[in-house]
Amino acid sequence: DAGVTQSPTHLIKTRGQQVTLRCSPISGHKSVSWYQQVLGQGPQFIFQYYEKEERGRGNFPDRFSARQFPNYSSELNVNALLLGDSALYLCASSPGTRQETQYFGPGTRLLVL
Amino acid sequence: QKEVEQNSGPLSVPEGAIASLNCTYSDRGSQSFFWYRQYSGKSPELIMFIYSNGDKEDGRFTAQLNKASQYVSLLIRDSQPSDSATYLCAVMPGSARQLTFGSGTQLTVLP
């Protein structure tokens, strides 16, 4: 079975631009979570979606938004990019039931210049 | 106080030895605990999860949980150079379904 897929793998943007990251969960999983990981730190929770509804939001500014589609794939959008948004963006897939073990995709590495 | 704390290391052990990785957490309502392995430049890979007090073994890996002490650990027996990576402890609070991660412990297994 295919694991979690994310696109693109790498991205270079300049300050003030907008970016959209995409994620497809494991087949049968209904929940997608987004995390930001900066160098030397553990991942930080951004959003969680289940059945197209937002189920949780981390401590990130409103420049960050996300959505989930009927096929359970998800997009993360970041507006007005700052240098500090440079990070590895991780998508995690989970069944969405009581079993909440999360499996990570390969990530999108974003560099903001 | 950080919600999930790990010794950042680096931790070095010789090949064949037992590596012991530790993690403490602050939310007493936490229900689920996870260990992920992350190789340099890669994404986290799930190694083990544990929900109940005590030990859980899977191959060379043993997770230990003590909720009273708010402590979770990972033991790696017969450590191999391929185990060299950053190990992330993650906790799922009882009130939410997102993961809170520690900063990770960098492990190096010396041949």
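Letters A, B, ... mirror the listed sequences (proteins, then strands); counts begin at 1.
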Exercise. Going by heavy atoms in the side chains, are A:L90 and B:P44 under 4.5 Å from each other?
Worked result: yes

Exercise. Are A:F60 and A:V19 connected in the hydrophobic side-chain network, where two residues link if heavy atoms are under 4.5 Å apart?
Worked result: yes

Seminar exercise, completed: From the list B:Q98, B:Q106, B:E45, B:Q6, the residue making the most non-hydrogen contacts under 4.5 Å with chain A is B:Q98

Exercise. Honestly curious: do A:V78 and A:V32 fall in one hydrophobic cluster under the side-chain, below-4.5 Å linking rule?
Worked result: yes

For this session: For chain B, find which of A:R109, A:Q41, A:Q48 contributes the most heavy-atom pairs closer than 4.5 angstrom.
Result: A:Q48

For this session: Verify whether the ring centers belonging to B:F101 and A:F45 lie closer than 6.0 Å.
Result: no

Exercise. Within the side chain of A:Q102, is there an N or O that forms a donor-acceptor pair under 3.5 Å with the backbone of B:R97?
Worked result: yes

Seminar exercise, completed: From the list A:G42, A:P43, A:G107, the residue making the most non-hydrogen contacts under 4.5 Å with chain B is A:P43

Exercise. Got a sec: does the CZ of A:R15 have more than 12 other heavy atoms crowding it under 6.0 Å?
Worked result: no

Exercise. Quick one: are A:Q37 and B:Q38 in side-chain contact, heavy atoms under 4.5 Å?
Worked result: yes

Seminar exercise, completed: Rounded to the nearest 0.5 Å, the CD atom of A:E100 sits from the CZ atom of B:F34 at a distance of 8.0 Å

For this session: Mind checking the OG1-CE spacing from A:T101 to B:M48? Nearest 0.5 Å is all I need.
Result: 11.5 Å

Problem set entry | More than 12 heavy atoms from other groups under 6.0 Å of CD1 on B:I18 | no

Problem set entry | Single-linkage hydrophobic cluster, 4.5 Å side-chain cutoff, B:L21 and B:L75 together | no

For this session: Answer yes or no: is there a donor N or O on one side and an acceptor on the other, between the side chain of A:Y35 and the main chain of B:L99, under 3.5 Å?
Result: yes

Exercise. Counting heavy atoms not belonging to A:L83, are there more than 12 under 6.0 Å from its CG?
Worked result: yes

Exercise. Is A:N71 atom CG crowded by more than 12 heavy atoms from other residues, nucleotides or ligands, each under 6.0 Å away?
Worked result: yes

